[in-house]
Structure formats: C-alpha cells, structure tokens
Amino acid sequence: MSPDDSPDALEDLLGLLDLERIEEDIFRGPSRSAVVPRVFGGQVAAQALVAAGRTVAADRTAHSLHAYFLRAGDPDAPIVYTVDRIRDGRSFTSRRVVAIQHGQPIFHLSASFHTDEDGLEHQSEMPAVPDPETLPTAAESLPEYAGVVGQGVVDRLLKARAAVDLRYVDTPPYGSVGEPREPRSRVWFRTAGKLTDDPLLHLCLATYVSDMTLLDPVLLAHGRGGWMTGDVVGASLDHAMWFHRPFRADEWLLYDQMSPTSHGGRGLGQARIFTRDGRLAVSVVQEGVVRVPHEPHND
C-alpha cells in the first residue's frame with residue numbers, strides 16, 4: 001500500500017460512514033471485510049453513532065456511548081440501523097440503535113448527546129511520548145514483521161488501515177512474541193487526509209479507530225502476538241466511550257492504552273485519547289474475548 005493510496009482509502013471510509021436513510025429513523029450502511037473475515041467492530045460502532053447523530057439536533061454533541069457486540073458481522077451484506085428516540089430533554093438527548101443483518105441483531109448501542117455548557121474543569125496529564133513525526137509509519141514498520149505474521153497479513157492490515165495514519169510509540173504485540181511486558185500500549189493516530197468541520201464525523205472516526213488496538217495491552221502482558229500470529233483468538237464484547245472535549249480526528253491524537261486485568265477468557269482494555277496539545281479528549285473502555293487456542297493432544 002503506497003502513500004498515494006491513502007486519500008482514496010479515506011474517501012472509501014467516509015463513504016462507509018455516509019449511511020443511506022431508508023425511513024425516518026432507519027438507515028442502511030455498506031460492509032466490508034477487515035483483517036479477519038468479518039466486519040470490523042469499529043466500523044459498526046461508528047456507523048451506529050452516525051445513525052444516532054442524524055436524529056439529534058445540531059446543537060447537541062455526543063458525550064458518551066455504550067455498546068455490545070452480539071454477533072459477527074457479514075462483510076458481504078449491508079447493515080440496517082434502527083434508531084429509537086428514547087428521550088429529548090432540555091439539555092440531554094438519548095438514542096438507542098440496533099444494527100441488523102439477515103434479520104438478526106448483531107450490535108446495539110446507546111448514545112447520549114448534550115448541549116454545550118460551562119462547568120468545573122480538571123483532567124489527567126498527558127504522558128510524555130515521542131512526537132509522531134519521529135515514529136515509523138505502518139508502511140515503514142509492518143513489512144519488518146512479515147516473517148512473524150506472514151506477508152498476506154501485512155498486506156491485509158496495510159489495506160485495512162490505509163485511511164488512518166497509525167504509529168506505534170512502543171513495539172506492537174506481534175513484535176515481541178514470547179516476551180511479557182507492561183500491559184500498556186501507546187499509538188498516535190489521525191486520518192490520512194483532511195476532514196470537514198462536522199463534529200459528528202470526527203467523533204465517529206475516533207470511534208472507528210478506538211477498536212483497532214485497545215486489547216493490545218492484554219496481549220503484551222502475556223507475550224502474545226494476537227490474532228495476527230494466531231496465538232490467541234478473540235473479539236470485542238462491549239465498548240464504551242466518553243467524549244470530554246472537542247477534537248479533530250484529522251489532527252494527531254495520542255491513544256494511551258492499558259489493561260488492569262484479564263481472567264476467564266476475557267481481557268479488559270482502558271484508554272485515554274489526548275490531543276497533541278495535551279487536552280484529554282476521550283476515555284475508552286472495552287472488554288473482549290481473549291482465548292488461547294487448545295493444543296491438539298497426541299494420544
């Protein structure tokens with residue numbers, strides 16, 4: 001994947017998020033395959049937030065979402081999103097969205113929107129990390145791991161992430177297989193091109209990216225390479241985000257991720273997203289299935 005492909009990839013991603021309205025509160029979105037042969041969870045979450053946001057007054061911005069992944073999505077079929085207008089209050093608006101494929105729910109999301117207002121102000125400090133320009137791009141770093149994950153996986157991953165410039169501050173899980181490390185991973189990201197000023201679009205793109213690497217710290221704690229190396233199998237179970245301060249997804253954002261625990265075939269990822277000037281923009285929490293494949297017995 002060359003840098004010249006990135007603008008086209010971003011246009012494709014924006015097209016993926018430009019849902020078709022087929023009824024007053026019913027939308028339809030296209031699907032596509034990800035690195036694994038199912039719909040990428042971040043795509044469904046972002047599309048669901050688009051659907052919710054299109055039923056909300058323009059002066060209200062999403063401040064939180066809570067979602068559950070129910071079934072694997074079919075990348076060869078469109079997804080229908082139905083929106084329930086739960087509440088329209090004086091300051092807050094609530095929406096519930098169900099994503100449906102082949103007559104079955106595959107995902108549901110609750111989102112809350114809030115009018116802008118003044119209030120108390122404090123935040124955690126952003127960690128000190130290298131500037132993103134000093135770090136290798138995916139096109140520069142991923143081919144180094146072809147011997148570990150296979151050239152086919154590298155090619156699929158470069159294609160799947162071509163719309164996003166994502167740069168690891170630390171070595172990714174598949175770069176240190178067999179070496180348990182601190183369960184913390186940090187990446188810089190931004191879209192591979194400029195976006196319009198629509199606030200909902202920036203929230204939805206951050207939602208899309210937030211599902212890419214959030215369980216990496218679980219893998220790091222155990223020296224596992226992840227789904228790219230096949231030493232674990234997994235999937236997102238639920239996902240929550242709180243949008244604290246305005247940000248742009250086409251400007252550098254630091255995704256600071258950690259894992260406090262894993263148990264019973266599930267791992268928990270927690271994260272903070274900071275703007276480059278140190279403002280805490282988003283908090284994220286996700287639990288996912290993280291299972292070690294059973295080794296065959298030679299009787």
Side-chain angles (χ1 to χ4, degrees), residues 35 40-42 45 123-142 144-145 148-149 157-158 160-192 202-203 205-229 232 234 236 239-245 247-262 267-288 290:
V35 180
F40 171 50
Q123 68 159 75
S124 300
E125 288 190 12
M126 175 176 153
V129 294
D131 291 335
E133 293 86 358
T134 67
L135 302 171
T137 66
E140 293 168 340
S141 62
L142 269 172
E144 298 177 8
Y145 302 110
V148 178
V149 303
L157 194 59
L158 285 172
R161 295 185 178 176
V164 179
D165 188 349
L166 189 149
R167 307 187 186 193
Y168 276 88
V169 173
D170 316 289
T171 303
Y174 46 84
S176 57
V177 178
E179 303 173 14
R181 291 161 43 196
E182 178 189 6
R184 187 177 189 187
S185 177
R186 296 162 297 183
V187 298
W188 285 102
F189 74 88
R190 66 178 177 182
T191 57
H202 292 265
L203 297 180
L205 283 163
T207 300
Y208 177 86
V209 177
S210 69
D211 191 40
M212 286 183 173
T213 59
L214 187 48
L215 295 180
D216 278 5
V218 178
L219 306 176
L220 291 171
H222 302 276
R224 297 280 171 168
W227 10 101
M228 291 179 62
T229 63
V232 301
S236 304
H239 197 84
M241 302 181 73
W242 293 265
F243 304 104
H244 309 302
R245 294 172 179 83
F247 63 89
R248 293 187 64 92
D250 56 4
E251 297 178 353
W252 286 115
L253 298 167
L254 178 68
Y255 199 14
D256 180 27
Q257 306 153 98
M258 59 84 66
S259 175
T261 186
S262 60
L268 187 70
Q270 299 176 340
R272 304 172 298 174
I273 299 178
F274 292 90
T275 62
R276 188 164 187 173
D277 60 3
R279 290 177 295 115
L280 178 57
V282 189
S283 296
V284 192
V285 178
Q286 181 182 100
E287 189 174 48
V290 184

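Fair warning: this is a prediction, and the values are worked out from it, not measured in the lab.
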- request: Identify which one of Arg186, Gln123, Arg279 satisfies the side-chain contact (heavy atoms from CB on, under 4.5 Å) criterion when paired with Phe274.
  value: Gln123

Where is the tightest heavy-atom contact between [X] and [Y], given as atom of each residue plus distance?
X      : Y      : result
Val177 : Gly225 : CG2-CA, 3.8 Å
Leu220 : Pro173 : CD2-CA, 3.8 Å
Gly175 : Tyr145 : CA-CE2, 3.4 Å
Ala160 : Tyr208 : O-OH, 4.0 Å
Leu268 : Pro260 : O-CD, 3.5 Å
Met241 : Ser210 : SD-OG, 3.6 Å

Spatial distance of atom [atom1] ([X]) from atom [atom2] ([Y]) [nearest 0.5 Å]:
X      : Y      : atom1 : atom2 : value
Leu157 : Met228 : CG    : CE    : 4.5 Å
Leu203 : Arg248 : CG    : CZ    : 12.0 Å
Leu205 : Thr191 : CG    : OG1   : 6.5 Å
Ser176 : Arg181 : OG    : CZ    : 4.0 Å
Thr275 : Leu253 : OG1   : CG    : 7.0 Å
Thr213 : Phe189 : OG1   : CZ    : 8.5 Å

message: Taking salt bridge (Lys or Arg N to Asp or Glu O under 4.0 Å) as the definition, give me every residue that meets it alongside Arg276, ordered by chain and number, with sequence neighbours left out.
response: Asp131, Glu133

